*Asks:* 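Below: one structure in structure tokens.
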Amino acid sequence: MVKTITFNELRRIKDALPSGSTARIAQELGIEKNTVRNYFGGKHYDDGQSCGMHIEPGPNGGVVLLDDIEIYNKAMNILEEENIKL
């Protein structure tokens with residue numbers, strides 16, 4: 001399933017996550033931490049992998065097409081568990 005959001009929305013999600021969430025998401029999905037970082041706009045390709053995120057220029061940082069929403073869903077679950085509102 002593909003999800004479309006703005007880059008700024010994606011960064012807000014990342015910034016709202018509690019400390020240790022990147023490692024938790026990576027462990028639960030069996031992927032590298034840097035792959036999770038790349039999903040949220042990082043460029044850690046030495047240790048992580050590309051993650052199916054495509055950015056189109058535009059307002060609010062551009063439009064982001066997420067090919068795989070597994071990391072997105074894990075992040076949203078963590079925010080919900082912690083009762084963090086965006």
Side-chain angles (χ1 to χ4, degrees):
M1 181 173 173
V2 176
K3 175 140 184 89
T4 304
I5 62 174
T6 67
F7 184 76
N8 289 350
E9 288 175 299
L10 187 64
R11 294 300 289 183
R12 271 196 296 278
I13 293 167
K14 181 235 173 236
D15 292 342
L17 288 169
S19 180
S21 294
T22 299
R24 176 180 166 187
I25 292 169
Q27 182 179 20
E28 289 179 7
L29 296 177
I31 58 177
E32 294 287 329
K33 286 189 285 188
N34 281 333
T35 301
V36 177
R37 289 183 183 111
N38 293 344
Y39 191 85
F40 289 107
K43 294 182 173 40
H44 304 277
Y45 297 110
D46 290 341
D47 298 323
Q49 297 181 2
S50 176
C51 46
M53 179 183 88
H54 310 282
I55 301 174
E56 299 290 330
N60 292 316
V63 175
V64 179
L65 302 174
L66 302 171
D67 292 340
D68 183 348
I69 61 169
E70 207 168 13
I71 293 172
Y72 173 86
N73 287 338
K74 288 284 184 187
M76 296 307 288
N77 287 341
I78 290 170
L79 293 175
E80 187 176 307
E81 286 173 10
E82 298 291 325
N83 207 21
I84 298 171
K85 305 285 186 215
L86 294 177

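The first residue in the sequence is number 1, and the count goes up from there. None of these values were measured; they are calculated from a predicted model.
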*Asks:* Is there a donor in the side chain of Asn8 and an acceptor in the side chain of Arg11, or the other way round, less than 3.5 Å apart?
*Replies:* no
*Asks:* So which heavy atom on Ala16 is nearest to which on Leu86, and how close?
*Replies:*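 Heavy atoms of Ala16 and Leu86 come nearest at CB-CD2, 3.6 Å.
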*Asks:* Please walk me through it: do Tyr39 and Ile25 pass side chain to side chain contact (heavy atoms under 4.5 Å, CB included)?
*Replies:* CA-CA 11 Å; Tyr39 191 85; Ile25 292 169; over 6 Å; no
*Asks:* Not counting sequence neighbours, which residues clear side chain to side chain donor-acceptor pair (under 3.5 Å) with Arg24? List them please.
*Replies:* Glu28, Glu81
*Asks:* Do Tyr72 and Ile13 make a side-chain contact, defined as non-hydrogen atoms from C-beta onward lying under 4.5 Å apart?
*Replies:*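 Counting from C-beta outward, Tyr72 and Ile13 do come under 4.5 Å.
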*Asks:* Please walk me through it: do Val64 and Thr4 pass side chain to side chain contact (heavy atoms under 4.5 Å, CB included)?
*Replies:* CA-CA 6 Å; Val64 179; Thr4 304; over 6 Å; no
*Asks:* For the pair Leu29 and Ile71, evaluate side chain to side chain contact (heavy atoms under 4.5 Å, CB included) and give the outcome as yes or no after the intermediate values.
*Replies:* CA-CA 8 Å; Leu29 296 177; Ile71 293 172; 3.6 Å; yes
*Asks:* Lys14: what forms a side chain to side chain donor-acceptor pair (under 3.5 Å) with it, not counting sequence neighbours?
*Replies:* none
*Asks:* Could you grab the distance from atom OG of Ser21 to atom CD1 of Ile84, nearest 0.5 Å is fine?
*Replies:* 7.5 Å
*Asks:* Cut-off 3.5 Å, side chains only: do Thr6 and Glu9 have a donor facing an acceptor?
*Replies:* yes
*Asks:* Is Asn60 reaching over with its side chain to a backbone N or O of Gly62, donor-acceptor style, under 3.5 angstrom?
*Replies:* no
*Asks:* Looking at side-chain heavy atoms only, is the closest gap between Asp15 and Arg12 below 4.5 Å?
*Replies:* no
*Asks:* Restricting to non-hydrogen atoms, name the atom on Pro18 and the atom on Ile78 that form the minimum distance, rounded to 0.1 Å.
*Replies:* CD-CG2, 3.8 Å
*Asks:* How many angstroms lie between atom NZ of Lys74 and atom CD of Glu70, to the nearest 0.5 angstrom?
*Replies:*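 It is 7.0 Å, given to the nearest 0.5 Å.
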*Asks:* Report the C-alpha separation of Leu17 and Phe40 in whole Å, then their side-chain angles, then the decisive distance to 0.1 Å, and conclude whether the side chain to side chain contact (heavy atoms under 4.5 Å, CB included) test is met.
*Replies:* CA-CA 11 Å; Leu17 288 169; Phe40 289 107; 4.2 Å; yes
*Asks:* If I compare all heavy atoms of Thr22 with all of Lys33, which pair ends up nearest, and what's the gap?
*Replies:*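 Result for this residue pair: CG2-O, 3.5 Å.
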